Amino acid sequence: MTLPIRIAPSILASDFSRLGQEVGDVAQAGADWIHLDVMDGHFVSNISFGPDVIKSLRPYTDAFFDCHLMIAPADPYLEAFAKAGCDGITVHVEAGVHLHRSLQTIRSLGKKVGVTLNPATPLSTIENVLDDIDLILVMSVNPGFGGQKFIPAMADKIRAAKALIGNRPIELEVDGGITAETIGAAATAGANVFVAGSAIFKGDSVDTYRQNISALRSAAQR
Ligand code: DX5
Ligand code: ZN
């Protein structure tokens, strides 16, 4: 199954003092999804923002809110993120003991269900939940910070994930170190959703964001 190429700017790299405007600007500049990196200072060693901030951003665009939860435990907060207006919620394999239950909870909240793998997390950890998910996120850096380097070995993991997905309508997303130089390897391997923070939010105008997004899109299409 071929799903469309989607560019998902991570607002982690945006100007936090003007978050609403940044979301509006990047959507206007051609973002397909808005990637929301939630960090708790426990699962990862950084703290970002939570459901109340996401709720305040919801009026700025109708674009799909792709929420990447880097928090543990995640279960107690899933409902709050759903109510805040996230369209998809992605949890890490290691976020709790009962991954299948977390995925069921996201489904029951009416949201797209995502699961994500750290660079060292084997693909085999999700083999038994493939029919319960809408999205696999392959981390191509260790989560916690923007601006890190793409780990080249993750292209092989994306390729293996693509094979595992088979004909299922599952989005295959890659996150970390995506630039016009690295996106091609991820696309060739089979990813269709590309998160990019620093590569998109360099510069500070809608026009620059538009150029950055279209450079990524054309490099992914090649
Ligand atoms: C890392 C986050 C990423 C990050 C990507 O923990 O999940 O979404 O913001 O940033 P860049 O594109 O700068 O690597
Ligand atoms: Zn992310």
Side-chain angles (χ1 to χ4, degrees), residues 6-16 19 22-23 26 29 31-51 53-54 57 63-72 74 77 81 86-95 106 112-121 134-155 157-158 161 171-187 191-204 208-209 211-213 215-217 219-220:
R6 308 185 200 277
I7 306 293
S10 163
I11 61 164
L12 191 64
S14 73
D15 179 351
F16 275 18
L19 262 187
E22 291 275 71
V23 166
V26 87
D32 300 297
W33 289 4
I34 305 294
H35 186 81
L36 303 164
D37 284 309
V38 177
M39 303 177 178
D40 65 355
H42 166 73
F43 184 73
V44 293
S45 47
N46 195 5
I47 300 177
S48 58
F49 48 79
V53 171
I54 293 175
L57 299 175
F64 186 95
F65 270 11
D66 172 35
C67 181
H68 175 194
L69 294 183
M70 286 161 272
I71 66 175
Y77 304 98
F81 284 101
C86 297
D87 297 295
I89 300 178
T90 296
V91 292
H92 275 260
V93 168
E94 294 88 353
I106 299 171
K112 295 287 184 190
V113 183
V115 65
T116 181
L117 306 167
N118 280 326
T121 307
D134 302 301
L135 177 145
I136 297 172
L137 170 53
V138 173
M139 290 305 301
S140 43
V141 298
N142 288 293
F145 301 91
Q148 303 180 77
K149 275 210 164 67
F150 182 83
I151 301 169
M154 293 305 112
K157 194 182 204 171
I158 294 168
E171 311 268 350
L172 184 50
E173 182 174 42
V174 57
D175 183 5
I178 293 296
T179 64
E181 288 70 46
T182 58
I183 198 169
N192 73 292
V193 185
F194 305 91
V195 177
S198 30
I200 290 175
F201 285 98
K202 59 184 184 198
D204 57 3
T208 331
Y209 297 167
Q211 286 164 24
N212 297 341
I213 289 171
L216 288 173
R217 200 186 296 282

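As the structure lists them, so they are numbered: ligands from 1, and atoms in each ligand from 1. Just so it is clear, the structure is predicted and the values come from calculations on it, not from any experiment.
The main-chain N or O of Ser14 is never found under 3.5 Å from a side-chain atom of Glu22 such that the two would form a donor-acceptor pair. At distances below 3.5 Å, not a single donor-acceptor pair connects side-chain atoms of Thr90 with backbone N or O atoms of Leu137. Judged by distance alone, with hydrogens and angles left aside, the side-chain atoms of Asp40 form a donor-acceptor pair with the main-chain N or O of Ala72 at under 3.5 Å. Of the possible polar contacts, one joining the Ser48 side chain to the Met39 backbone as a donor-acceptor pair under 3.5 Å is found.
Of all heavy-atom pairs spanning Phe194 and Ala186, the tightest one is CE2-CB, 4.0 Å.
In this model, a donor atom of one side chain and an acceptor atom of the other lie less than 3.5 Å apart for Asn192 and Glu171. Residues Asp37 and His35 have side chains that bring a donor and an acceptor to within less than 3.5 angstrom of each other.
Here's the thing with Met39: none of its N/O atoms is less than 3.5 angstrom from an N/O atom of ligand 1. Polar contact with ligand 1: present for Gly144 (N/O pair, distance under 3.5 Å). Between Met139 and ligand 1, a contact under 3.5 Å exists for no N or O pair.
Counted within 6.0 Å of OH on Tyr77, heavy atoms from surrounding residues, nucleotides or ligands total 12 or fewer; the atom is thus considered open.
Residue contact check for ligand 1: Ala13 places no non-hydrogen atom closer than 4.0 Å to it. Using a non-hydrogen distance threshold of 4.0 Å, Ala199 does not register as a contact of ligand 1.
Of the protein's non-hydrogen atoms, the one nearest atom 14 (O) of ligand 1 is Gly177 N, 2.8 Å. Among all protein heavy atoms, the one lying closest to atom 1 (C) of ligand 1 is Phe145 O, 3.6 Å. The shortest contact between atom 12 (O) of ligand 1 and any protein heavy atom is with Gly197 N, 2.7 Å. Of the protein's non-hydrogen atoms, Asp175 OD1, 3.6 Å is the one closest to atom 5 (C) of ligand 1.
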TODO: Determine, step by step, whether Val26 and Phe201 satisfy the side chain to side chain contact (heavy atoms under 4.5 Å, CB included) criterion, reporting the C-alpha distance in whole Å, the side-chain angles of both residues, the deciding distance to 0.1 Å, and the verdict.
DONE: CA-CA 8 Å; Val26 87; Phe201 285 98; 3.8 Å; yes
Open item on the list: Before you tell me yes or no, could you show the steps for Ile89 and Val113 under side chain to side chain contact (heavy atoms under 4.5 Å, CB included), namely the whole-Å CA-CA distance, both residues' side-chain angles and the distance that decides it to 0.1 Å?
Closed with: CA-CA 6 Å; Ile89 300 178; Val113 183; over 6 Å; no
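Take Asn212 and apply the side chain to side chain donor-acceptor pair (under 3.5 Å) test, not counting sequence neighbours, and it matches no residue.
In this structure, of Pro143, Gly146, Ser14, the residue bringing a heavy atom nearest to atom 10 (O) of ligand 1 is Gly146.
Near Ser10, the atoms of ligand 1 lying under 4.0 angstrom from a non-hydrogen atom of the residue are 8 (O), 9 (O). Ligand 1 places these atoms under 4.0 Å from at least one heavy atom of Asp37: 2 (C), 3 (C), 4 (C), 7 (O), 8 (O), 9 (O). When each atom of ligand 1 is checked for a heavy atom of Leu12 under 4.0 Å away, the hits are 9 (O). Listed by atom number, the atoms of ligand 1 under 4.0 Å from Ala196 heavy atoms are 12 (O). Remark: ligand 1 atoms within the under-4.0 Å shell around heavy atoms of Met70 are 6 (O), 7 (O). Every atom of ligand 1 is numbered from 1 in the order shown, and the set under 4.0 Å from a heavy atom of Val195 is 8 (O). Every atom of ligand 1 with a heavy atom of Gly176 under 4.0 Å away is listed here by number and element: 14 (O). Remark: ligand 1 atoms within the under-4.0 Å shell around heavy atoms of His68 are 7 (O).
The proximity of Ser198 to ligand 1, defined as any non-hydrogen pair under 4.0 Å, involves the side chain as well as the backbone.
Taking SG of Cys86 as the start and CD1 of Ile34 as the end, the distance is 12.0 Å to the nearest 0.5 Å. Going from atom CZ of Phe65 over to atom CG of Asp87 covers 7.5 Å, rounded to the nearest 0.5 Å.
Shown are the protein N/O/S atoms under 2.8 Å from the Zn ion (ligand 2), given by residue and atom: His35 NE2, Asp37 OD1, His68 ND1, Asp175 OD2.
Between Arg217 and Asp32 there is a salt bridge, since a side-chain N of the basic residue sits under 4.0 Å from a carboxylate O of the acidic one.
Aromatic ring pairs are classed by plane angle as parallel below 30°, tilted from 30° to 60° and perpendicular above 60°; the pair His92 and His68 is parallel.
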